[in-house]
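Below, chain A is the first sequence line, B the second, and so on; all start at residue 1.
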2 protein chains.
Amino acid sequence: MGKPREQRQQEIIEAVLELAAEQGVQRVTTQAIADRVGIAQPTVFRHFKTRDAIFAAAIDFLAMNLFNALETFIVAKGPADERLRQLINVQLGFISRQKGLPRLLFSDRLHLESPALKAAVQKVMRRYMKQLAKLIREGQETACFRPEMDPDQASRYIAALVQGLIMRWSIFDFEFSLEEEGEPLWAFLYSSIRV
Amino acid sequence: MGKPREQRQQEIIEAVLELAAEQGVQRVTTQAIADRVGIAQPTVFRHFKTRDAIFAAAIDFLAMNLFNALETFIVAKGPADERLRQLINVQLGFISRQKGLPRLLFSDRLHLESPALKAAVQKVMRRYMKQLAKLIREGQETACFRPEMDPDQASRYIAALVQGLIMRWSIFDFEFSLEEEGEPLWAFLYSSIRV
DNA sequence: GATATTTGTGAGTAATTAATCACTTACACA
DNA sequence: TGTGTAAGTGATTAATTACTCACAAATATC
């Protein structure tokens with residue numbers, strides 16, 4: 001007991017992600033968080049001013065890690081189609097290890113509860129689609145992808161495809177392997193966007 | 001006052017759909033429902049045994065109407081690709097008039113709260129994908145769609161594409177026109193599945 | 001070693017909300 | 001017209017839950 005602030009905040013964020021994955025955002029009460037971390041319920045409020053602030057921190061944490069993993073493939077060398085394929089596979093792998101992510105990002109509870117959280121979620125989505133559009137555009141310049149496609153529109157549909165898959169996975173309680181969906185999803189997607 | 005049972009139940013269901021669309025599932029309290037309908041809060045429990053039963057009835061109502069609209073295009077005559085195109089457009093049109101649907105179907109609150117509601121939501125999704133697969137299979141037999149595609153897999157990705165779009169629409173608070181997305185989405189999809 | 005700051009806690013609060021209950025009013029129908 | 005049934009209600013309750021506060025213990029700083 002008596003741990004430094006940052007370490008406890010990290011413990012709390014991890015507890016939130018675990019609990020969200022196991023039982024959904026609804027059950028992530030400050031009491032449940034405290035129990036999981038092993039502290040008293042009021043102690044949670046020593047480290048975060050409000051419950052919303054906890055979720056905001058958790059979303060930030062997830063977004064940071066996700067984009068760290070993805071940016072590698074945005075900036076990397078090599079053919080754009082291959083990099084997009086890998087990016088999708090990496091994303092699905094990342095999320096199957098972070099089941100809390102779909103629970104937080106797709107939770108109506110969060111975005112309709114607090115304008116700040118809604119803004120955070122929307123920001124993550126916008127940034128994700130921007131990254132995709134960049135990669136598509138590059139692929140068009142290197143004759144990987146159909147030149148007549150609108151890159152912004154294509155990126156929205158790719159995002160929809162991936163997110164729709166993840167949502168089904170979350171609604172069906174992670175009952176199938178997300179990672180195994182990577183290659184067939186890519187096959188479906190590739191035949192739509194390749195030259 | 002003193003309306004017949006069925007009529008009041010219908011009024012309650014419609015109030016639920018309106019409130020869910022406007023403010024999200026969380027705010028659909030029995031008090032809010034009662035206010036919207038114009039009855040006292042305990043009266044709600046005269047017509048539904050529990051709060052969950054209200055949501056179950058609302059999901060049933062939506063599913064019935066949705067599949068009524070869709071089945072026309074499953075059974076209809078004409079080329080399968082054209083019917084799939086229309087089906088997607090009709091679905092997007094239906095949902096833009098029933099904004100409560102994504103809020104209910106994609107609400108973690110519902111499926112993680114009650115096993116019965118989870119089962120109801122999963123049933124709707126399974127049925128939807130089954131319908132799509134049927135149409136795909138028919139399109140393969142009439143040489144509309146790629147014969148080497150797995151129809152079940154394709155139907156899952158089509159569903160993911162549509163549902164991902166709807167989810168983004170819901171998360172971004174219906175700020176863009178869902179119906180206008182029908183044709184570009186179809187263009188994206190068609191280039192992936194056509195022979 | 002004194003002191004100030006941070007971390008932790010038990011007890012409590014105010015607000016929300018699904019559900020109950022005793023009772024009343026409206027209505028069908030014999 | 002009387003009587004049973006269904007619809008409606010005000011008052012209440014029990015449970016949940018984010019958050020506060022006075023105080024204790026640990027830790028850092030000098």
For this session: Could you tell me whether the phosphate oxygens of D/dA6, OP1 or OP2, come under 4.0 Å of any side-chain nitrogen or oxygen in B/H47?
Result: no
Could you pull out the protein-nucleic contacts involving nucleotides 19-22 of chain C (nitrogen or oxygen on both sides, under 3.5 Å)?
{"unit_1": "C/dA19", "atom_1": "OP2", "unit_2": "B/R51", "atom_2": "N", "d": "2.7"}
{"unit_1": "C/dA19", "atom_1": "N7", "unit_2": "B/Q41", "atom_2": "NE2", "d": "3.0"}
{"unit_1": "C/dA19", "atom_1": "N6", "unit_2": "B/Q41", "atom_2": "OE1", "d": "2.9"}

Solution key, residues 59-68 of chain A side-chain donor-acceptor pairs under 3.5 Å, sequence neighbours excluded:
none

For this session: Can you sort out the partners of A/E113 under salt bridge (Lys or Arg N to Asp or Glu O under 4.0 Å), two or more places apart, ordered by chain and number?
Result: A/R51
Exercise. Partners of B/R146 by salt bridge (Lys or Arg N to Asp or Glu O under 4.0 Å), sequence neighbours excluded?
Worked result: B/E148
Problem set entry | Value in whole Å for how far the P atom of C/dG10 lies from CG of A/D35 | 12 Å
Exercise. Would you say C/dG8 has OP1 or OP2 under 4.0 Å from some side-chain N or O of A/R8?
Worked result: yes
For this session: Please determine if a side-chain N or O atom of A/T43 lies less than 4.0 Å away from the OP1 or OP2 oxygen of C/dT9.
Result: yes
Exercise. A/K118: what forms a salt bridge (Lys or Arg N to Asp or Glu O under 4.0 Å) with it, not counting sequence neighbours?
Worked result: B/D173
For this session: Tell me whether A/V121 is reachable from B/L112 by hopping between hydrophobic residues (I, L, V, M, F, W, Y) whose side-chain heavy atoms are closer than 4.5 Å.
Result: no
For this session: Could you tell me the separation between the NZ atom of A/K3 and the P atom of D/dT27, rounded to a whole number of Å?
Result: 12 Å
Under 3.5 Å, which protein N or O atoms sit close to an N or O of nucleotides 13-16 of chain D? Give each pair with its distance.
none

For this session: Starting from P on C/dT17, measure out to CD on A/Q26 and report it in whole angstrom.
Result: 13 Å
For this session: Round to a whole Å and report the spacing from CD of A/E6 to P of D/dT27.
Result: 18 Å
For this session: Send over the distance from B/Q7 CD to D/dA6 C1', rounded to a whole Å.
Result: 14 Å
For this session: Map B/I39 and A/Q31 onto DNA chain D by nearest heavy atom, then report which one ends up closer to the 5' terminus.
Result: B/I39
Problem set entry | Inter- and intrachain pairs under ring-ring contact (aromatic ring centres under 6.0 Å, His included), touching residues 131-159 of chain A, at least two apart | A/Y157-B/F188
Problem set entry | Distance in angstrom units between A/Q9 CD and C/dG8 C1', rounded | 15 Å
Exercise. How long is the line joining CZ of B/R5 and C1' of D/dT5, in whole Å?
Worked result: 12 Å
For this session: Give the rounded distance in Å between these two atoms: CD of A/E11 and P of C/dG8.
Result: 9 Å
Problem set entry | salt bridge (Lys or Arg N to Asp or Glu O under 4.0 Å) partners of A/E183, counting only residues at least two apart | A/R85
Seminar exercise, completed: side-chain hydrogen bond (donor to acceptor under 3.5 Å, both in side chains) pairs touching residues 132-141 of chain B, sequence neighbours excluded, are B/R83-B/E138, B/R137-B/D152
Problem set entry | Validation row: A/I166, A/Q91 side chains within 4.5 angstrom (heavy atoms) | yes
